[in-house]
**Q** 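Below is a structure I'd like to ask you about.
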Amino acid sequence: QVQLVESGGGLVQAGGSLRLSCVVSGRSFGNYNMGWFRQAPGKEREFVAVVRWSGGTPLYGDSVKGRFTVSRDNAKNTVFLQMNSLKPEDTAVYYCAATDYNTAQNLRVAGRYAYWGQGTQVTVSS
């Protein structure tokens, strides 16, 4: 069974930074496209970022582009989300997710991801 374990969330002031991590087990990490989503109370789950297993240029949601950076270390089975210049609007539960090996399109859509982590809370104070 594929398992994703997230860490790195917490409370920060506006303008600060956090780095989230997600460790994947159960299958070769290099075969997964790895994405990040977030969900605030009363709102739909929102696409944040994705990096493909094959590499290349990551994709970002409009609200985080220029502030967040996604990366991966295949040797350590880990994906990261570096979050800079945080705003109160970034407050949410952040989830990492992995696709099946043959999923290559529509990676901004949550339904394209087969495996999900438990989520980690990020709170940005004003």
**Q** Tell me whether Y115 shares a hydrophobic cluster with V93, the cluster being built from Ile, Leu, Val, Met, Phe, Trp, Tyr side chains joined at under 4.5 Å.
**A** no

**Q** Quick one: do V2 and Y32 satisfy side-chain contact (heavy atoms from CB on, under 4.5 Å)? Show the steps, please.
**A** CA-CA 11 Å; V2 176; Y32 296 96; 3.0 Å; yes

**Q** Using 30° and 60° as the class boundaries, would you call the ring planes of F68 and Y94 parallel, tilted or perpendicular?
**A** tilted

**Q** Treat each ILVMFWY residue as a node, draw an edge where side-chain heavy atoms are under 4.5 Å apart, and state whether V50 and L4 are in one component.
**A** no

**Q** Could you go through S63 and E46, starting from their C-alpha distance and side-chain angles, then the distance that decides it, and tell me whether this counts as side chain to side chain donor-acceptor pair (under 3.5 Å)?
**A** CA-CA 10 Å; S63 63; E46 177 188 13; 2.9 Å; yes

**Q** In terms of hydrophobic clustering (I, L, V, M, F, W, Y; side-chain heavy atoms under 4.5 Å; direct or indirect links), are V124 and W36 co-clustered?
**A** yes

**Q** Let me confirm one number: the CD-OG distance from E89 to S126, rounded to the nearest 0.5 Å.
**A** 10.0 Å

**Q** For D90 and M83: C-alpha separation, side-chain torsions, deciding distance, then whether side-chain contact (heavy atoms from CB on, under 4.5 Å) applies.
**A** CA-CA 10 Å; D90 297 317; M83 306 184 295; over 6 Å; no

**Q** Using the rule that Ile, Leu, Val, Met, Phe, Trp and Tyr join whenever any side-chain heavy atoms are under 4.5 Å apart, tell me whether V48 and Y95 fall into a single cluster.
**A** no

**Q** Parallel, tilted or perpendicular: which describes the rings of Y113 and F37, with under 30° parallel and over 60° perpendicular?
**A** perpendicular

**Q** Hey, what do you get for NZ (K65) to OH (Y60), rounding to the nearest 0.5 Å?
**A** 9.5 Å

**Q** Find the distance between SG (C96) and CZ (R38) and round it off to the nearest 0.5 Å.
**A** 15.5 Å

**Q** When rounded to the nearest 0.5 angstrom, what distance separates CG in L59 from CZ in R52?
**A** 5.0 Å

**Q** Quick one: pull up CE in M34 and CG in L107 and give me the separation to the nearest 0.5 Å.
**A** 12.0 Å

**Q** Measure the spacing between CG of N33 and OG1 of T99 and express it to the nearest 0.5 Å.
**A** 3.5 Å

